[in-house]
Structure formats: structure tokens, C-alpha cells
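Report on the structure given below.
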Amino acid sequence: MRAITIAEPGGPEQLVWTEVPDPVVAAGEVLIQVAATAVNRADILQRRGFYTPPPGASSYPGLECSGRVVEVGAGVSGFVPGDEVVALLTGGGYAELVAVPAGQVAPLPKGLSALAAGGLMETVCTVWSNVFMLAGLQAGQTLLVHGGSSGIGTTAIQLAHQLGARVIVTAGTAAKLRACRDLGADVGVNYRDEDFVERVAEVTDGQGVDVILDNMGAVYLDRNVQALAVDGRLVIIGLQGGVTGEVNLNTLLRKRAGISATTLRARPSEEKARIVAAARDAVWPLIEQGRFRVVVDRVLPVDRAAEAHRVVEDSGHVGKVVLDVATVRGSSS
Ligand SMILES: NC(=O)c1ccc[n+]([C@@H]2O[C@H](COP(=O)([O-])OP(=O)(O)OC[C@H]3O[C@@H](n4cnc5c(N)ncnc54)[C@H](OP(=O)(O)O)[C@@H]3O)[C@@H](O)[C@H]2O)c1
């Protein structure tokens, strides 16, 4: 098969579409012929050499895909060759074939194209596991999403809005804030010229927000705690603003608030399977009812992954940059 390999740690030009050995399907795994995958910020860190794949994971980038089952390993039930599926991967999505534990695979939701579905699983599973399973966001509560126009942000806005929560977002341009509002955000804060703590206080009558989904880490740590309501929960999933921060523990204590930090990729497959099952139960009906979609910024052929990485690194996108694998495979056969 062919896959995007990382020639050596560095810039987008290090992404090379080339012949590699086919993956071997182990017991409990499903082999998928990939239709589409998508760029996640983690892929960029991996390309630069700052994110080593967990032990046993493929060395090719790609944390999600859509496609068709071509083979099932021993002991797999529930999937047969020919099934159209989506999968949460630990790596290897920028490829023609990928092997993945069956628990991380789900049927392609009705109403979603295989191309758009290439950008579904990493964001939906991250948002569902953090905002709903861990932080327990409820209808009637308020969620603050930093980076509202990101792949993660566009997913969090729609899910929280559809499930009855109020949503506040931060983003860096007026156009991105408009896109967030179109998806259901109630309040937009331009992080370049507004203080989100002040805006949160203003729009919540000084109460603060119940849950924060944070991509910034250290630089927002203390301000995030200030923005939390009593019993609020801060969930950190990204460290774009650094790894070491200070927080006023007195504020945390008075609010009886909680801080968690999680990563999806390194979790054991059994945990990922539980998250995939929960996300499927909650989100597939919303997709089928037309209440949730993958926000696709653009689609590029997988052999132009370097260009796709440049777009995401320059934050030139809203939602997901999808990589089309099916067309590239078709055009060479
Ligand atoms: N822990 C996990 O399991 C997990 C899983 C998936 C993703 N993540 C993390 O989630 C984040 C989003 O991932 P993605 O792939 O969706 O990334 P993405 O589309 O590249 O988005 C990055 C976002 O960061 C925003 N941003 C930059 N500076 C900001 C600031 N000062 N304040 C608020 N937002 C700011 C950008 O907003 P503008 O474009 O408006 O500047 C952009 O929306 C990343 O940090 C990623 O590492 C974590």
C-alpha cells in the first residue's frame, strides 16, 4: 500500500506519499481500506518530532478515518468485509489501509458522506469523553470552548448546543466567531482584544461557567479557574500555551472546582472502545436527524498532506481539513 511517511522530523515537506508494507491484521482487529482521513493538531506535533506515537502504534500520522472493511481478524464479530465504517485510530490514517481494534470502529452514520466522515472520530470522541463523560455537562449549564472554530471547537459547540447547554467560545477573528455562532454558539469572545474572564462574568451575571474545554494549557490556567462557576470543571486537552502554569488554589478551593487534563491517543484500546460506543449512542442519532455535521473547511488529496498541514498550522481553517484517500488510490489503479 501507500502511506504518508515522515521522512525526518521537520516541516510539511517531510510528509512523503510512498510505498510501504501492508498492515497485518491481528486477532480482534479490522482491516480498513481508507476512504478519507483528516488533519489533527497532534499530526503536526508528530511531524515536528514532538509527539512520539504510543508503543505499538503505526508510525504514519492519522488519528481517524472512514472507509470500507476489507478483512476481519480472528474473534471479531459485528463487522464483515464490505461494511462502510469510521474508526478512531492510534495512528496510520494517512494510508490506503489501516488495521484497528474492532472496538474502535463504528458504522458510517447515515446522512454523512464518506469524505466528511474522515474527520468525525477524533474530535467527536475527544469532545464526548471530556465534556460529557468526564465533566458531565448538562442541559441548562454553560460551556466555555477555547478555539471555537477548531475541529474540536466546531464539534463541541454543536454537541453542547444540541443537548441544551449554553455555549461561549473564544476565537481569533470576527469571521471565525461568526462561524461559531452559525453552529450554535451563544456568545463569542475575540481572544486577541477581549478578556474572556470579564466577558464570562458579564454574560453569566458573575456566576461563571460550569465546564471549560481548554486547548491552551498554562497561559489560560489561572484565568480559566477565575472563569469557572462553583462546582465548575476545567478540562485541559491541549497545551498550545505551554505546559507549566500557576493557579490560585484559594480560588479553586472556594469554588470547589476541578481541573483535569487528558489525552485520548494514549488510552488503552478497551477505554477507547467504551468512548466510541458512548459517542455512537449519543451522536449518531444527532447526525441522522441533521442536527450535527462535520464542519469541513476543505478537502485535499492525501498526497497533498503537506499543503493540508500548512493550512492547519497557519490556522487558515474552520473545522476540519479532510484528506481524500479514495480518489488518490483510484487515480493510480
Ligand atoms: N487531549 C486530546 O485527547 C486531544 C485530542 C484532539 C485534540 N486535542 C487538542 O485540541 C486542540 C484543538 O485541536 P484541533 O485539531 O481541532 O486543532 P486546530 O483545528 O488546529 O485548532 C487550534 C485552535 O487553537 C486556537 N487558538 C490559538 N491561540 C488561541 C488562544 N490564545 N486562545 C484561544 N484559542 C486559540 C485557534 O484559534 P484561531 O484559529 O481563532 O486563532 C484554533 O481554533 C489542540 O490543542 C489539540 O492538541 C487534544
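Note that the structure is predicted; figures quoted are calculated from it, not measured. First listed ligand is number 1; within each ligand, the first listed atom is number 1.
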Less than 3.5 Å between some nitrogen or oxygen of [X] and one of ligand 1, yes or no?
X      : value
Arg41  : yes
His146 : no
Ile237 : yes
Gly153 : no
Tyr220 : yes

Under 4.0 Å from a heavy atom of [X]: which atoms of ligand 1 are those, numbered in the order shown and with their elements?
X      : value
Ala171 : 40 (O)
Lys176 : 38 (P), 39 (O), 40 (O)
Thr170 : 33 (C)
Leu264 : 2 (C), 3 (O)
Thr262 : 1 (N), 2 (C)

**Request:** Report yes or no: does Arg265 have a heavy atom closer than 4.0 Å to ligand 1?
**Result:** no
**Request:** Assess Glu313 for proximity to ligand 1: is some non-hydrogen atom of it under 4.0 Å away?
**Result:**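 No.
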**Asked** What part of Lys320 sits under 4.0 Å from ligand 1 if we count only heavy atoms: the side chain, the backbone, both or neither?
**Response** neither
**Request:** Select one of side chain, backbone, both or neither to describe which atoms of Ile152 lie under 4.0 Å from any atom of ligand 1, heavy atoms only.
**Result:**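 For Ile152, the contact with ligand 1 is made by both the backbone and the side chain.
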**Fill in**
Those residues at least two apart in sequence (or on a different chain) that pass side chain to side chain donor-acceptor pair (under 3.5 Å) with Asp43 are Tyr94
**Request:** Give the residue and atom name of whichever protein heavy atom lies nearest to atom 44 (C) of ligand 1, and the separation in Å to one decimal.
**Result:**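 Ranking protein heavy atoms by distance from atom 44 (C) of ligand 1, first comes Gln240 OE1, 3.1 Å.
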**Asked** Given the rule that I, L, V, M, F, W and Y join up when any side-chain heavy atoms are under 4.5 Å apart, are Leu177 and Val187 in one cluster?
**Response**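 No; tracing contacts between hydrophobic side chains, which count when under 4.5 Å, never links both residues.
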